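Values reported hereafter were calculated over all heavy atoms of this structure, with side chains retained and with hydrogens, waters and symmetry mates removed. This one's a predicted model, so the numbers in the text were calculated from it and none came from an experiment.
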There are 2 protein chains.
Amino acid sequence: MLLMNVKSLCLGILTFGEATGYEIKKAFETQFSQVYDAGFGSIYPALNQLTTSGYVSCRQEQQEKRPAKKIYSITESGLDFFLKELHKAPAKDKFRSETLTKLIFADMLPRENISILIDQVIDDYNNYVVDLSDSCCEKQSQSEKFLCGFGITVRQAAIKYMQENRHLIESASSSSSQQAAE
Amino acid sequence: MLLMNVKSLCLGILTFGEATGYEIKKAFETQFSQVYDAGFGSIYPALNQLTTSGYVSCRQEQQEKRPAKKIYSITESGLDFFLKELHKAPAKDKFRSETLTKLIFADMLPRENISILIDQVIDDYNNYVVDLSDSCCEKQSQSEKFLCGFGITVRQAAIKYMQENRHLIESASSSSSQQAAE
DNA sequence: CAAAACTATATCAAGTCGATATATATCAGT
DNA sequence: ACTGATATATATCGACTTGATATAGTTTTG
C-alpha cells in the first residue's frame with residue numbers, strides 16, 4: 001500500500017464520526033465527488049480488511065424488517081495509521097476522458113457524429129457546473145468550498161475552450177476517408 | 001465489454017499502422033497522455049486477447065541479441081470491431097486527485113504542510129503546461145492539437161484558481177485541533 | 001396505486017495499476 | 001575507458017478497482 005486508496009479514505013471519513021458502509025458511500029458521492037470516487041465493490045471489502053487489521057471496530061444494530069446496520073468507528077491504531085497515510089506523498093492527478101479519446105479517431109467518424117460528441121461533453125460539463133453551483137452554498141467546511149469552486153472553474157474553462165476551438169476538429173473530419181460502419 | 005478500454009484503444013492505435021507493444025505504450029504516453037493512460041500490465045494481456053479473438057495478427061521479427069519483436073497488425077474483423085466500439089456511448093469523464101483529496105483533511109495537518117501541498121500541485125500543473133506547450137507545436141493532426149490546447153487551458157485555469165483561493169484553506173487549518181503525527 | 005428512488009447489505013468476474021524481472025544497446029559525462 | 005542513465009523489448013503477478021448484479025423492505029413521487 002503506497003498511497004491513498006479506498007481503504008485509507010474510508011478511515012479518513014470515519015475520523016468525522018462513526019458511519020455505515022452506505023453512509024460512507026454517500027460521503028464519496030457528496031464531499032469527495034470532485035476528487036475521488038469509490039463504489040460498494042471497493043468500500044465493503046475495504047471495511048472488512050480494516051476490521052481485520054483492527055483499524056476500525058464494528059457494532060451491529062438490529063433493525064426490524066431491514067438488514068442489520070453495521071456501524072463502523074475508527075480505533076486509536078486506525079487513527080495512527082490514517083495520519084501516517086496522510087503524510088505520504090500523494091500520487092499524480094489523473095484525468096481520463098473516453099469522449100476526448102474518441103476525437104483522436106475523428107477521421108473514422110462522420111462529421112455529424114463529432115459535433116454531437118462535443119455537444120454532449122459541453123452539456124455534461126454544463127450540468128456538472130449547475131449541480132455544483134447549487135450544492136456549493138450548502139457546503140460547511142472551507143476545503144469543501146474550495147474544491148467545489150475548483151470543479152466549477154476548471155469545467156467552465158474546459159467549456160469555453162471547446163466552444164472556441166471545436167472548429168479545429170469539426171472541419172478536419174470532412175475530407176478524410178469516410179469509413180462509416182452501420 | 002461496455003465501452004472503450006485498453007483493448008479497444010490498442011486496436012485503435014493499430015489502425016494507424018502496425019506496431020509492437022512497446023510502440024503502443026509510447027503512443028499512450030504521447031498522443032493519448034492527455035486523456036487516457038495504460039501500462040504494460042494492461043497492454044500485453046490486451047494484445048494477447050486480441051490475437052486470440054482474431055482482431056489482430058502478429059508476426060515475429062527475430063533480432064540478434066535482443067528479444068524478438070512482435071509486430072501486431074489489425075485484421076478486417078478487428079477494424080469492424082473497433083468501429084463498432086467507436087460508435088458506442090463513452091463513459092463519463094473521470095478525474096482523481098489524491099492531493100486535493102488530502103485537503104479535505106486539512107484540519108489534521110499542520111498549516112505549513114497544506115501550503116507545501118498546494119505549492120506542489122501548482123508546480124506540477126505548471127510543469128505539465130510547459131511540457132505540453134513545447135510538444136504542442138510538433139503535433140501533426142488537428143485532434144492532437146485540440147487535445148493539447150485543452151490540457152494547457154484547463155490546467156492554467158486550475159493554477160489561477162488555486163493561487164486566488166488557496167487562502168481559504170490555508171487560514172482555516174490554523175485554529176483547529178493540531179493532531180500532528182511525527 | 002404503481003413506479004421510482006431510497007436504505008442497506010454483499011459478491012463476483014473482468015479489468016487495471018504498479019512493481020518487478022530479464023537482456024541488451026546506446027549515449028552522456030567524468 | 002568506465003559508469004550510470006536511458007532506451008528497446010518482452011512479460012508476469014498480486015493487489016486493487018470497476019461495474020453489474022442480487023436481495024429486500026420502505027418511502028416518496030407522479
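Remark: B:Tyr22 is not in phosphate contact with D:dA7, judged by side-chain N or O atoms under 4.0 Å from OP1 or OP2. Between D:dT17 and A:Lys7, no contact under 4.0 Å exists linking OP1 or OP2 to a side-chain N or O. For D:dC16, the OP1/OP2 oxygens have no side-chain nitrogen or oxygen of B:Arg96 closer than 4.0 Å. An OP1 or OP2 oxygen of D:dT10 is reached within less than 4.0 angstrom by a side-chain nitrogen or oxygen of B:Thr20.
At its two ends the helix from C:dC1-D:dG30 to C:dT30-D:dA1 runs along axes set 60° apart, each axis drawn from five pairs and the angle rounded to 10°.
DNA chain D is contacted by both A:Gln49 and B:Lys94; A:Gln49 maps to the nucleotide lying nearer its 5′ end (nearest heavy atom per residue).
Taking a 4.0 Å limit (strictly below) on heavy-atom distances, residues 28-43 of chain B reaches DNA chain D at B:Phe40, B:Gly41.
With sequence neighbours left out, the salt bridge (charged side-chain N to carboxylate O under 4.0 Å, His left out) criterion links A:Asp124 to no other residue.
Comparing C:dT7, D:dT17, C:dG15 by their closest approach to the side chain of B:Asn5 singles out C:dG15. Candidate nucleotides C:dG15, D:dA9, C:dT9 were compared by shortest atom distance to the side chain of B:Lys69, and D:dA9 ranks first.
Atom CD of residue B:Gln34 and atom CG of residue A:Leu103 lie 12.5 Å apart, to the nearest 0.5 angstrom.
Residue contacts for A:Lys25: at a heavy-atom cut-off of 4.0 Å it reaches no nucleic acid atom on any strand shown.
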